[in-house]
2 protein chains.
Amino acid sequence: MKDAKNETITDSEWEVMRAIWTMGKTTSRELIDAMNQLQGWSDSTTKTLLHRLINKGAVVQSGTSRPFVFKPIVGEKESMAAAATDLFDHMCAMRAGSTIAGVIKTRELSQADIAELQAILTEKAKTAPEQVQCNCLPGHHMCEEVEEHGQ
Amino acid sequence: MKDAKNETITDSEWEVMRAIWTMGKTTSRELIDAMNQLQGWSDSTTKTLLHRLINKGAVVQSGTSRPFVFKPIVGEKESMAAAATDLFDHMCAMRAGSTIAGVIKTRELSQADIAELQAILTEKAKTAPEQVQCNCLPGHHMCEEVEEHGQ
DNA sequence: CCTTTAAATTTACATCTGTCACCTTTCAAC
DNA sequence: GTTGAAAGGTGACAGATGTAAATTTAAAGG
């Protein structure tokens, strides 16, 4: 999973980021307690992850005396976008549409979200192709059975 | 990244699956050559990955004599859906909408895909809430600044 | 039935991840 | 100042991953 800077953020680091993003800024104590609540992690685990995130440039430590304050450097929205891009880049382009459909079906979306998506789609429809090519194998530009593939 | 059976499929295994899915069925030789083309991997690398996938139950080996034939057991569509679900489950629910928006903007979608998405959205709009709650921290049910978060 | 050679299987190994225990430095209250 | 509890930092370690070399097995030709 990538963050806004295309650094790799691991799953557990991602959990820490979520908390930091939501808190906006935090002390290690607050964060440790939150992670203990959310994941049952020991103090050390959170500390380690926090440090790894600092090294990766995803979080900064600020303040001159203890306890220090930690803040996210990479943005949540951007990181989420990067992670999503990363995922779809590893999937067959031809099936992106139905995958997105599945996501939309299962997520809760607000009226505003839906309106935004509709607007984007309407715009996109103007230039959308009839077919999207499979980009899995060179030469082989078409996956077998698009609908009921698989078995 | 999860596959259709919720087994973890690693990134490089995922690349192998893409090839297998697209080929439908394959011999190790074909697969090895494809992976060599696509990723520059040595024979061994592909073999190892193929075996790990067999152990994970994502691929079956069939045939009674060499060369054997390998086929995907888990479906591509289902696995993609599982991977997407997995990703969104680790993100703030509140921002799923804009993340999806970003994905739609950057992917190529066919007219049919767009039509399907529109239909789903129209349906969903009937019962969509005004707001989606942040699910990152307990108690703390709202992320700061939804629009221009992050700095 | 031997040998060659492709296919299959094992072993290897450095790095990355998840998880943590333990050591070190400070602040803050005697 | 001394000291004890927080806060901060380091080292550790098992298991997962990426990548591949080495070894075994079996099919096919002579």
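Residues passing the ring-ring contact (aromatic ring centres under 6.0 Å, His included) test with A:Trp41: none are found, sequence neighbours excluded. Applying the salt bridge (charged side-chain N to carboxylate O under 4.0 Å, His left out) rule to A:Arg52 yields no partners; only residues at least two apart in sequence or on another chain are considered. By the salt bridge (charged side-chain N to carboxylate O under 4.0 Å, His left out) test, B:Lys2 is found to be paired with B:Asp86, residues two or more places apart in sequence or in another chain being considered. A search for salt bridge (charged side-chain N to carboxylate O under 4.0 Å, His left out) contacts involving B:Lys47 returns nothing, not counting sequence neighbours. Partners of A:Lys25 according to the side-chain contact (heavy atoms from CB on, under 4.5 Å) rule, which considers only residues two or more places apart in sequence or in another chain, are A:Val69, A:Lys71. Listed by chain and residue number, nothing satisfies the salt bridge (charged side-chain N to carboxylate O under 4.0 Å, His left out) test with B:Glu7 (two or more places apart in sequence, or in another chain).
A heavy atom closer than 4.0 Å to some atom of DNA chain D occurs in no member of residues 30-39 of chain B.
Note on residues 26-45 of chain A: pairs passing salt bridge (Lys or Arg N to Asp or Glu O under 4.0 Å), not counting sequence neighbours, are A:Arg29-A:Asp33, A:Arg29-A:Asp43.
Going from atom CG of B:Leu53 over to atom P of D:dA16 covers 15 Å, rounded to whole Å. Protein atom CG of A:Leu50 is 13 Å distant from nucleotide atom P of D:dA7, rounded to whole Å. Atom CD1 in B:Ile9 sits about 13 Å away from atom C1' in D:dT17, given to the nearest Å. For the pair B:Leu49 CG and D:dT17 C1', the computed distance is 9 Å after rounding to whole Å.
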Tell me, for nucleotides 2-17 of chain C in 5' to 3' order, what letter each nucleotide earns: B for a base near a protein heavy atom under 4.0 Å, S for only sugar-phosphate near one, - for neither?
-----BBB--B----S
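Remark: A:Thr45 is in phosphate contact with C:dC20, judged by side-chain N or O atoms under 4.0 Å from OP1 or OP2.
Between A:Glu78 and A:Lys5, none of the side-chain N atoms (NZ, or NE/NH1/NH2) sits under 4.0 Å from a carboxylate O, so this pair counts as no salt bridge.
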